[in-house]
Amino acid sequence: MINTATDQARLLDVKKAIEQGEIGTGLDNNKTLTKTKALDLYRALMGQRKTGILRDMVAKTPANYLLVQTVTQLRQLVDDLEKEAFVALDTETTGLNVYQDEIVGLSISLPTTDYHVYIPVAHKTGKQLKRELVLEALRPMLEDPKIGKVLHNAKFDIHMLIRHGVRMRGLLHDTRIAMALLNENEPSYALKNLATKYGKYFGFQEESHTFEELFGKTRFDNVALDVALVYAAKDTHVTLGLYKWQMEHLQKRSKLQQLHRDMENALVDVCVDMEQTGLLIDRTYAAEYGEELRTEIAEAEAQLQEAFGDINFNSPAQLAKVLYDHLKLPDNNKRSTDVKTLKALQGEHDGIKALLDYRGLTKLLGTYVDALPEKIQTDGRLHGSFNQVQTVTGRFSSNDPNLQNLPPKARKLVIAPEGMLILGSDFSQIEPRILAHLSGDEHFREPYLLGQDLYSTLASQVFKVPIEECGDGTTYRKKMKIGLLAVMYGTSMFTLSQQLGISVEEAQRFIRDFFTTYPGVHAFILSVHDFVKKNEYVETIDGRKRRFPGHREQAKAYDALARKICSITMTDEVPSNFWKIQEIPRSLKEEYQKVKGPVESVRRQSVNAIIQGTAADIMKKALLQVHAYCKGKGWNLFATVHDEALMLVSEQITPVEVQELETCMLSALALDVPMKVDTELMYRWGEGVKKAEWFQRHAA
DNA sequence: TACTTAGGCCAC
DNA sequence: AAACGTGGCCTAAGTA
């Protein structure tokens, strides 16, 4: 029998011994502890600890945790459910693939009658009802939008239920999503970790263990029912507690609550439908294109072998050795083999071009052309995952596979099903427009109000040349585009000078001219820096927050040190060459340098979070409206790429309907400058044609 | 064997 | 001394 306290202590000792390399010190009964022995002991203790915890958990199963194993119990549950306005819900499954795995049990918490059930439906052992029977009994409750459901990461469970023919409705609150809005810096959103960290605020004092910690790689259908009950019923019990605690916080923050209720919570259904729709992949095209790429790669490989010998061309380390040690190419003390460095070396060696070709081809083949068809599910569609709360700014992210970073050549693998079209609507220049709105800068808003090209107008004003010299494709316009990004993201003068191919002094002059031309933009950026220094957070138009805990103190220190340096140099700003100025004490330089990075990083992130986050707010609202519109037509969204919504629509779509879709996007939020949406139609993604041209072509 | 980290690179 | 925001995926190489 293991005594938990001694067990824990011994565990820590062994762990420490392993970590600190204190092997051979005779830890275990004066016997010398070898590394292997220590690891074995550690694993054995971990195993024992796990079974110990599980035994302990089962022994302490609360009286109001109940297994539902018979028809009578199920009937009683259904009766009791009718008294509830909302419930907490969770599914246990064989795995995480929502298109392949299956539900093995459901837990439900009833808040007013205060009990928590686990209904096993496909465990390998123990008395239980059939899944179909249980789901049919629960279907009226699950599909009733008037009965609220509280879940942690609802999207997963909704998908799992769809897999078994039930479309859950009435999502009241998702504790995973609410947590992300309340603290986007949370290190882990696993329910058990949140319970361990915040449980004391809603009645859970003890540490909660994650599935991984308790069961490792075991499938949940292997878990005995007494253990399953105490684990699974606690899930919904905790979810309920978390819900109430989160609501207390949201009710004190009405803007955030509105963001949660009207935007993020509502968006879960959109996200589910979008993922369920999936993408149709042209397998023939992918196979042929793959062969083509393989041929080209083989050619490049032959040239690389000739040039660099028998090494792995995918290995930066092996490449650097050949390039900088054997061939003695100039390395600038970086020894990098990235595109930028290689391009600069292109004149030095004939093999470099082949290497660049090889990189591009293998990336395209390995990440997209070969990889995407492999992810097609049994329904013949590719279902990526879209996460609405994975980014600190509020943007969507996408993974498994990432559908937001397909290069144009890979997008061509995606086609419309028979009788359908792909339609893509994107917000034109949404971030600069938001900057124009937020800064209220009169001159910056001008091109939008007058319907002129933004970059041409800016270039003409900043560079003080006639607008005719700043048209599409001109250097002035290109430079302005880079320059505006630099302003919005707070790029350093060094980086900007590199990007524009000018000197640091010229870059400084460019930025100075920009801010002189648009003083409102400058004032806006400074006011954000000021705000984040005072409040340690910034927020978007819809109240989405990006928090920077600890910034206030660092910013104060930074500004104080800067003032100190300025009083020595008698300048308004710290000179960029301050390291070379003898009069500044070394310790002051070092102190200043230490806080400079983090503080300026927060300042860049804060400006960016407001602009990027507001764009995300607008897109999310647009998606809600587009989704509702599509639903009425029997069409479907299948992806969003930050400023773009992609959907499958009928081949018979009319110009009026396109107009109505654009209105869904445009009415998401009214800014002080007009918004613009561009729509393209296509049979194959990446071969889009502007709507006007499409209808002209298809009218004939 | 299964992980983590680093270098690199795709998107907006 | 370090140099631009938000993400995710690939391979190599080292470690548990």
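In what follows, chains carry the letters A, B, and so on, assigned in the order in which the sequence lines appear, proteins first and then strands, with residues in each chain numbered from 1. The structure displayed is predicted, hence computed values, not measured ones.
The CD-P distance, from A/Q318 to C/dA12, rounds to 9 Å in whole Å. Going from atom CZ of A/R604 over to atom P of C/dA2 covers 13 Å, rounded to whole Å. Remark: C1' of C/dT6 and CG of A/N387 are 14 Å apart, rounded to the nearest angstrom. Atom CD1 in A/I297 sits roughly 11 Å away from atom P in C/dT11 (whole-Å rounding). Across the protein-nucleic acid pair, A/N185 atom CG and C/dT6 atom C1' stand 14 Å apart, rounded to whole Å. Atom CD1 of A/I434 is separated from atom P of C/dG5 by 19 Å (rounded to the nearest Å). Following rounding to the nearest Å, A/F578 (CZ) and C/dA2 (P) show an atom-to-atom distance of 11 Å. When rounded to the nearest whole Å, the span between CG of A/L561 and C1' of C/dA1 equals 16 Å.
Considering only residues two or more places apart in sequence or on other chains, A/E590 meets the side-chain contact (heavy atoms from CB on, under 4.5 Å) condition with A/W579, A/R586.
Put simply, the side chain of A/Q318 gets close to the backbone of A/N312: a donor and an acceptor are under 3.5 Å apart. A donor-acceptor pair is defined here as one N or O able to donate and one able to accept, closer than 3.5 Å; such a pair exists between the side chain of A/E536 and the backbone of A/H551.
An OP1 or OP2 oxygen of C/dG8 is reached within less than 4.0 angstrom by a side-chain nitrogen or oxygen of A/S397. Checking the phosphate oxygens (OP1, OP2) of C/dT6, no side-chain nitrogen or oxygen of A/N608 falls inside 4.0 Å. Residue A/T393 places none of its side-chain N or O atoms closer than 4.0 Å to OP1 or OP2 of C/dG5.
Among the nucleotides C/dA1, C/dA12, C/dG5, the one closest to the side chain of A/Q605 is C/dG5. In the set C/dA12, C/dT6, C/dC9, C/dC9 carries the atom at the smallest distance from any side-chain atom of A/T367. Considering only the side chain of A/D400, C/dC9 comes nearest among C/dC9, C/dA1, C/dA3.
Checking A/R586 against A/A486, the closest nucleotide of DNA chain C that is more toward the 5' end is the one next to A/R586.
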Item checked: Reading 5' to 3' through nucleotides 4-12 of chain B, protein heavy-atom contacts under 4.0 Å coded B for base, S for sugar-phosphate only, - for none -> ---SBBBSB
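Taking the six-membered ring for Trp and thresholds of 30 and 60 degrees, A/Y537 and A/F531 have ring planes more than 60 degrees apart, a perpendicular arrangement. Aromatic ring orientation, A/F313 versus A/Y358: perpendicular (interplanar angle above 60°, classes split at 30° and 60°).
Atom NZ of A/K353 has 12 or fewer heavy atoms from other residues, nucleotides or ligands within 6.0 Å.
Looking at A/L406 and A/L372, their side chains come closer than 4.5 Å, going by heavy atoms from C-beta outward.
Residue A/S492 is classed as a sugar-phosphate contact, given heavy-atom separations below 4.0 Å to backbone atoms only. At the heavy-atom level, A/R546 lies under 4.0 Å from the strands shown only through sugar-phosphate atoms.
When each of A/M274, A/K620, A/K155 is tested with A/L267 by the rule side chain to side chain contact (heavy atoms under 4.5 Å, CB included), just one qualifies, namely A/K620.
On the P atoms, C/dA1 is 22 Å away from B/dG8, given to the nearest whole Å. Distance noted for atom C1' between B/dT5 and C/dA3: 23 Å (whole Å).
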